[in-house]
Amino acid sequence: QVQLVESGGGLVQAGGSLSLICTASGGTFSNFIGGWFRQAPGKDREFVAAISRRGIDTSYADSAKGRFTISRDNAKNTVSLHMSSLKPEDTAVYYCAADRSVFMYTIVNNRNEYDYWGQGTQVTVSS
C-alpha cells in the first residue's frame, strides 16, 4: 500500500510562487506515474500535471502550461510541483496521485486511472 503526503501549500499573493512536494512511502515509487490534481470549492477535481515513471515525459493542463513545472526524484520518492505567476483562480486543494504502470514513458491525465491519493494541501492565492 502506497501512502502519499503533500507539503508546501499555503497563502501567497498573486504573481508569487509556491512549490509543492509529494513524498511517497510503502512502495517503489519509480513504478508509478506521478500526478497533481486540484479541487476548488464547488468544482470537480481537475488535472494539473503528470510525469512519467522516468521523469522524461510530462503533461500539463492548459491552465498550468508555462507557469507550473512538475518534476520527480525517484531516489527520494518525491514528485514536486513548482508553481509561478500564481493567480487567484489557482486557489484550491492540491492533491498528489500515483498510478502504478508497467510503461516507462506513459502519462495519465484521467483522475480515474490513479490508484493512490494524498490527503491534499491547501493553496490560496490572494489578489
Side-chain angles (χ1 to χ4, degrees):
Q1 186 76 8
V2 173
Q3 291 83 41
L4 304 174
V5 178
E6 302 97 336
S7 61
L11 174 65
V12 64
Q13 288 188 331
S17 300
L18 204 61
S19 289
L20 307 180
I21 298 175
C22 174
T23 303
S25 61
T28 303
F29 193 56
S30 60
N31 291 336
F32 294 84
I33 298 167
W36 286 96
F37 292 76
R38 68 186 183 186
Q39 188 167 15
K43 295 188 177 181
D44 290 336
R45 190 171 300 188
E46 65 177 6
F47 170 74
V48 176
I51 189 166
S52 60
R53 287 176 53 190
R54 293 285 296 272
I56 294 175
D57 298 286
T58 58
S59 177
Y60 296 92
D62 288 342
S63 59
K65 288 179 181 176
R67 299 188 301 125
F68 294 5
T69 302
I70 189 171
S71 60
R72 68 188 297 160
D73 186 335
N74 287 338
K76 296 181 179 179
N77 286 350
T78 60
V79 60
S80 301
L81 185 69
H82 179 68
M83 304 181 291
S84 61
S85 302
L86 283 162
K87 305 174 183 179
E89 50 264 44
D90 294 318
T91 295
V93 177
Y94 283 71
Y95 296 91
C96 172
D99 175 31
R100 186 185 299 275
S101 176
V102 298
F103 302 108
M104 299 293 285
Y105 304 105
T106 298
I107 300 173
V108 176
N109 298 353
N110 186 341
R111 66 184 184 188
N112 295 322
E113 299 289 332
Y114 282 82
D115 304 303
Y116 301 99
W117 293 85
Q119 82 288 350
T121 185
Q122 177 71 46
V123 172
T124 303
V125 183
S126 63
S127 57

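Quick note: residue numbers are just sequence positions, from 1. Only this structure's heavy atoms are used, side chains among them; waters, hydrogens and symmetry mates stay out.
Partner of I21 under the side-chain contact (heavy atoms from CB on, under 4.5 Å) criterion, chosen from T78, D73, L81: T78.
Not one N or O on the side chain of Q39 forms a donor-acceptor pair closer than 3.5 Å with the backbone of E46. With hydrogens and angles ignored, the 3.5 Å screen pairs a side-chain donor or acceptor of S52 with a backbone N or O of D57. Under a 3.5 Å cut-off, the side chain of E6 and the backbone N or O of G120 do form a donor-acceptor pair.
Between L20 and G9, the shortest heavy-atom distance links the atoms CD2-N, 3.6 Å. A pairwise comparison of heavy atoms in C22 and L4 identifies SG-CB, 3.9 Å as the closest pair. Heavy-atom minimum distance, N112 versus N110: N-OD1, 2.9 Å. The minimum heavy-atom distance between L11 and S126, with the atom names listed, is CD1-CB, 4.3 Å. Nearest approach of L18 to G10, heavy atoms of both residues: CD2-N, 3.9 Å. Of all heavy-atom pairs between Y105 and I56, the closest is CE2-CD1, 3.7 Å.
When side chains are defined from C-beta on, V79 does not count as touching F32, because their heavy atoms never get closer than 4.5 Å. Here the side chains of I51 and I33 are not in contact, with every heavy-atom distance at 4.5 Å or above. You'll find the side chain of T106 stays beyond 4.5 Å of the side chain of R53, heavy atoms only. Annotation: side chain of Y116 is not in contact with side chain of Q3 (no heavy-atom distance under 4.5 Å). Two residues are said to be in side-chain contact when any heavy atoms from C-beta on lie closer than 4.5 Å; S80 and I70 fail this criterion.
Grouping Ile, Leu, Val, Met, Phe, Trp and Tyr residues whose side-chain heavy atoms lie under 4.5 Å apart, directly or via other members, places V102 in a hydrophobic cluster with F103.
Because its NZ or CZ atom is both nearer than 6.0 Å to the ring centre of F29 and within 45° of the ring axis, R72 counts as a cation-pi partner of that residue. Figure legend: cation-pi geometry between R111 and W117 absent, as NZ or CZ is not positioned both under 6.0 Å from the six-membered ring centre and within 45° of its axis.
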Under the ring pair (Phe, Tyr, Trp, His ring centres under 6.0 Å) criterion, do W36 and F47 qualify, and how do the steps go?
CA-CA 7 Å; W36 286 96; F47 170 74; over 10 Å; no
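The salt bridge (charged side-chain N to carboxylate O under 4.0 Å, His left out) contacts involving residues 118-127 comprise nothing, where partners must be two or more places apart or lie in separate chains.
Hydrophobic cluster membership is shared by L86 and Y60, with clusters built from Ile, Leu, Val, Met, Phe, Trp and Tyr side chains linked at under 4.5 angstrom.
Side-chain contact of H82 with T69: a donor-acceptor pair under 3.5 Å is absent, judged by distance alone.
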List the atom pairs, donor and acceptor, that lie under 3.5 Å between side-chain atoms in residues 90-100 and the rest of the protein, sequence neighbours left out.
unit_1, atom_1, unit_2, atom_2, d
D90, OD1, R38, NH1, 2.9
D90, OD1, R67, NH2, 3.0
D90, OD2, R67, NH1, 2.7
D90, OD2, R67, NH2, 3.4
D90, OD2, K87, N, 2.8
T91, OG1, P88, O, 2.9
T91, OG1, V125, N, 2.9
T91, OG1, V125, O, 3.4
Y94, OH, R38, NH1, 2.9
Y94, OH, D90, O, 2.6

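Annotation: the span from I107 atom CD1 to E113 atom CD amounts to 14.0 Å, rounded to 0.5 Å.
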